[in-house]
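Numbering of ligands and ligand atoms starts at 1, following listing order. Quick caveat, the model's predicted, so the values are computed rather than measured.
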Amino acid sequence: MSKRDYYEVLGVAKGADDKDIKKAYKRLAMKFHPDRTQGDKGMEEKFKEVQEAYEVLSDEQKRAAYDRFGHAGVDPNRGGGGFGGGGAGAGDFGDIFGDVFGDIFGGGGRRGQSRAQRGSDLRYNLELNLEEAVKGKSVDIKVPTYVNCDSCDGSGAKKGTSAKSCPTCHGAGQVTMRQGFFAVQQTCPTCNGRGKIIPEPCTKCHGEGRVEKTKTLSVKIPAGVDTGDRIRLTGEGEAGMHGAPAGDLYVQVNVKPHPIFQRDGNNLYCDVPLSFATAALGGEIAVPTLDGRIKLKIPAETQTEKMFRLRGKGVQSVRGGGVGDLVCKVVIETPVNLSDKQKELLRQLDESMAGESEAKHRPKSKGFFDGVKKFFDDLTG
Ligand SMILES: [Zn+2]
Ligand SMILES: [Zn+2]
């Protein structure tokens with residue numbers, strides 16, 4: 001089958017300019033588009049022919065070759081197949097179909113919109129000691145990040161110049177590729193979806209619109225934070241490319257272990273050593289809190305590991321609610337480094353408690369030895 005002249009296909013004169021060619025193509029492409037011709041084979045052929053003609057005549061080089069050598073000068077069917085003939089420049093179709101068929105395929109309404117990406121979020125790990133976490137603190141942190149380029153105000157364009165609408169997608173950021181009956185929206189390869197190109201990039205940021213910088217930020221850590229809490233600083237993340245909005249900065253709190261206190265929610269726990277004599281006789285001891293020492297009354301005959309709850313001496317949570325408690329566990333100490341005289345006194349004490357009255361002075365041992373006896377009786381049956 002001999003090929004029709006491309007100018008004839010489009011119905012334009014040999015000397016037609018780009019605008020006329022585009023206009024003619026748009027009109028014919030719509031007329032013969034398979035979405036409208038419902039699979040009519042003859043129409044499909046016409047649509048293909050129109051596309052092929054446009055592909056050649058809209059390309060300066062191909063058109064020149066065609067004008068000189070006719071059909072022999074161009075080979076639009078490389079790759080073959082489908083309505084597009086496989087060779088149409090993506091931009092040409094985006095230009096035409098982006099607005100005409102964009103709505104059908106859900107890609108409408110993007111024209112002219114910048115689809116530049118927001119900057120990345122950042123995370124900063126902040127170590128605090130328990131006192132800082134409980135009382136809150138202002139800290140200065142240094143964050144290596146990207147900030148808007150001040151030389152071009154984030155536009156990426158050299159001073160005195162500006163970004164221009166992308167010639168391929170005309171600002172849409174997307175182009176429509178045709179594959180068979182389907183139109184596929186793709187990110188514009190010329191501008192990578194931004195819809196704009198920068199003819200003269202800013203020399204400071206090389207057209208990125210942002211530069212690397214270590215930022216110092218003063219962060220107010222609220223009282224009551226705990227490990228795992230994070231504080232979001234909106235817009236303090238990396239600046240976006242080409243003036244796009246910045247990401248957020250997340251300050252991730254990690255509270256270092258404390259030598260005395262363990263925290264569990266709003267409560268604090270600590271072990272308090274207690275002398276054997278005070279445990280037996282009762283008395284007052286000083287216990288630590290985050291606000292300094294306070295007195296704790298120890299009743300007589302206190303056993304080791306007894307817990308004492310000091311209400312309201314814990315932590316006020318950052319999330320509100322009541323203040324937690326401080327729970328002190330007393331741990332009775334066995335005396336060490338005893339002098340001969342002290343040892344003798346202990347022996348005398350021990351002997352005074354021995355004999356028939358022993359159980360009277362040892363609240364745990366009766367139950368314990370009864371348990372041991374039962375254990376051995378059970379073993380021997
Ligand atoms: Zn710049
Ligand atoms: Zn583009």
(request) Take Lys22 and Asp18 through the salt bridge (Lys or Arg N to Asp or Glu O under 4.0 Å) test and state the conclusion after the steps. (result) CA-CA 6 Å; Lys22 192 179 273 185; Asp18 289 350; over 6 Å; no
(request) Mind reading off the angle at the Zn ion (ligand 1) between the SG atom of Cys152 and the SG atom of Cys205, rounded to 10°? (result) 110°
(request) Carefully, step by step, assess Glu131 and Lys137 under the rule side chain to side chain contact (heavy atoms under 4.5 Å, CB included). (result) CA-CA 9 Å; Glu131 290 88 338; Lys137 194 190 182 191; over 6 Å; no
(request) Would you give the angle at the Zn ion (ligand 2) between Cys188 atom SG and Cys191 atom SG, to the nearest 10°? (result) 100°
(request) Using a cut-off of 6.0 Å, state whether more than 12 heavy atoms not belonging to Lys31 lie near its atom NZ. (result) no
(request) Report the relative orientation of the aromatic rings in Tyr66 and Tyr6; use parallel for angles under 30°, tilted for 30 to 60°, perpendicular for over 60°. (result) tilted
(message) For the metal site, I want the angle between atom SG of Cys169 and atom SG of Cys166 with the Zn ion (ligand 2) at the apex, to 10°.
(response) 110°
(message) Closer than 2.8 Å to the Zn ion (ligand 1): does that hold for any N, O or S atom in His206?
(response) no
